[in-house]
Amino acid sequence: MGEKRQVYLDYSATTPVKKEVAAAMLPYFTEHFGNPSSLYTFGQEAKTALRTAKEQVAGLVGAQASEIYFTGSGTEADNWAVVGGAMWKRGKGRHVITTEIEHHAVLHSAEYLAKEGFEVTYLPVGADGLVRAEDLKGALREDTTIVSVMFANNEIGTVQPIAELCRIAHDAGALFHTDAVQAAGSLPIDVGALGVDMMSLSAHKIYGPKGVGALYIKKGVNLPTYIHGGAQESGKRAGTENVAGIVGFGKAAELAGQDFETRTKKIAGLRDYLVERVQGEIPDIRINGCLEARLPGNINITFKYIEGEAIMLLLDMAGVSVSTGSACTSASLAPSHVLKAIGVPVDEIHGSIRMTVGDFTVKEDVDYAVDTLKAAVEKLRSISALNGR
Ligand SMILES: *Cc1c(COP(=O)(O)O)cnc(C)c1O
């Protein structure tokens, strides 16, 4: 093995802020520090910057600027859509549908609703990680008000047939929300073609800053106010805007749309190369979720007989960052709800790691990571009590 490198393969957890993004943000901390609600020049400069950012974020998903509402995170956007949507329509009914593989921002919002007297149906997924249209059809009821299905999964990268699921929900008179935090910047998205009523986005997954998200709310969908206070975000999400963060989000969204094909193709090529090498050089593995409908940068692999946590730590010592489960749950020992939902046996869930490739990954990184991984797996298996062979 060559010299030690620093290799980051966890772009699904977060991404570095691109230099152009940081440069665009900087002046809004210092010279352009005005409050966008102030009517004098300082304020109006900031307000103009917010408007530009809104257009940039809208442009990434084919929305109108007036349909983008900035939030403090992707998590907040998910909470607003799911809880707000259910509360808004509670006169019609108290039934909500989501899936077993959602991010906790949606799952825990649904659990909150359940505690408040709503009924929640969790759609299953197949071993491929995909929701079946028939399952949604079967779950929809007269009193269903909102359906929330994530666009792409953060652990196994599988991409749902959103346009089709949305049409089915609408035919039954329900609102449709999708968490597109992982999909944005990695898949082409057009809210018009998809037909969704709400869509969650987050800046730090697309090379923007942490602590900024957005909820797309389709024109005519009158979601209730989420944060009460001033008139910011059309009076729906009060609080002085995170101007620099929003400017960064806008810039990141603009960059995400540039050279889209070339970028995503390069990422998919590196991911495929990684998978090919692992499959060819490491025995007793399994790829979790289907390879076809999948984010370009994602792969989730089970290494039988050993612990993913141990692999992760050995890789970290060699400078390689990967994750077990999602970033939000990796500190807990609870087995991944996503891998459970696609039918991975519990002992194999514990042997799983996620690797995600991004814009700054190069082939040498992948080679170094696979070399390191191979050595780590061999070492752990040689001392593993679970090794039945
Ligand atoms: C990261 C992520 C979120 C949460 O976004 P934050 O901005 O980190 O709160 C929600 N959903 C998915 C699918 C994610 O990957």
Side-chain angles (χ1 to χ4, degrees), residues 8-17 21 53 57 60-61 68-84 98-112 125 129-131 148-160 162 177-187 189 196 198-216 226-227 237 242 245-246 248-250 252-253 256 289 293-300 321-331 336-339 341-342 354-358:
Y8 183 75
L9 291 182
D10 204 13
Y11 283 82
S12 276
T14 194
T15 57
V17 171
V21 171
V57 172
L60 184 63
V61 297
I68 299 295
Y69 294 78
F70 289 118
T71 63
S73 60
T75 297
E76 186 189 321
D78 281 343
N79 274 255
W80 187 7
V82 174
V83 177
T98 184
T99 80
E100 289 179 351
I101 63 165
E102 296 300 307
H103 187 274
H104 282 128
V106 166
L107 280 184
H108 290 174
S109 292
E111 280 171 29
Y112 164 76
V125 292
L130 300 178
V131 173
S148 180
V149 179
M150 74 198 313
F151 203 134
N153 184 268
N154 47 303
E155 292 188 40
I156 54 175
T158 49
V159 179
Q160 304 299 337
I162 294 300
H177 164 252
T178 188
D179 173 342
V181 170
Q182 290 290 335
S186 289
L187 302 170
I189 300 182
V196 300
M198 293 163 278
M199 175 185 280
S200 304
L201 302 166
S202 177
H204 79 97
K205 305 285 175 78
I206 63 163
Y207 308 93
K210 293 165 184 63
V212 200
L215 184 63
Y216 155 80
Y226 195 60
I227 306 271
R237 200 273 185 184
N242 173 4
I246 288 169
F249 191 4
R294 194 175 192 116
L295 289 173
N298 169 290
I299 197 67
N300 187 304
S321 307
V322 301
S323 75
T324 56
S326 68
C328 322
T329 50
S330 53
S336 153
H337 65 285
V338 175
L339 297 181
I342 63 168
R354 172 187 74 182
M355 289 176 277
T356 43
V357 170

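We count ligands from 1, going down the list as the structure has it; atoms in each ligand are counted the same way. Values below: every heavy atom of this structure, side chains too, minus hydrogens, waters and symmetry copies.
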Part of [X] with heavy atoms under 4.0 Å of ligand 1, whether side chain, backbone, both or neither:
| X | result |
| --- | --- |
| Glu76 | neither |
| Thr75 | both |
| Ser73 | both |
| Lys210 | neither |
| Asp78 | side chain |

Using a strict cut-off of 4.0 Å, indicate which atoms of ligand 1 neighbour a heavy atom of [X].
| X | value |
| --- | --- |
| Lys205 | 1 (C), 2 (C), 3 (C), 14 (C), 15 (O) |
| Ser202 | 5 (O), 6 (P), 7 (O) |
| Gln182 | 13 (C), 14 (C), 15 (O) |
| Met150 | 13 (C) |
| His204 | 6 (P), 7 (O), 8 (O) |
| Val181 | 1 (C), 2 (C), 3 (C), 10 (C), 11 (N), 12 (C), 14 (C), 15 (O) |

Residue pair [X] / [Y], side-chain heavy-atom distance below 4.5 Å:
| X | Y | value |
| --- | --- | --- |
| Ile206 | Leu60 | yes |
| Ile189 | Phe151 | yes |
| Glu76 | Ile227 | yes |

So which atom in [X] and which in [Y] form the shortest heavy-atom distance, rounded to 0.1 Å?
| X | Y | result |
| --- | --- | --- |
| Ala180 | Met199 | CB-CG, 3.6 Å |
| Tyr11 | Pro16 | CE2-CD, 3.9 Å |
| Gly245 | Pro209 | O-CG, 3.5 Å |
| Ser186 | Leu295 | CB-CD2, 4.0 Å |

**Request:** Tell me yes or no: between the side chains of Asp179 and Ser200, is some donor less than 3.5 Å from an acceptor?
**Result:**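 Judged by distance alone, the side chains do not pair up.
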**Item:** Polar atom proximity, Asn154 to ligand 1 (N or O, under 3.5 Å)
**Value:** no
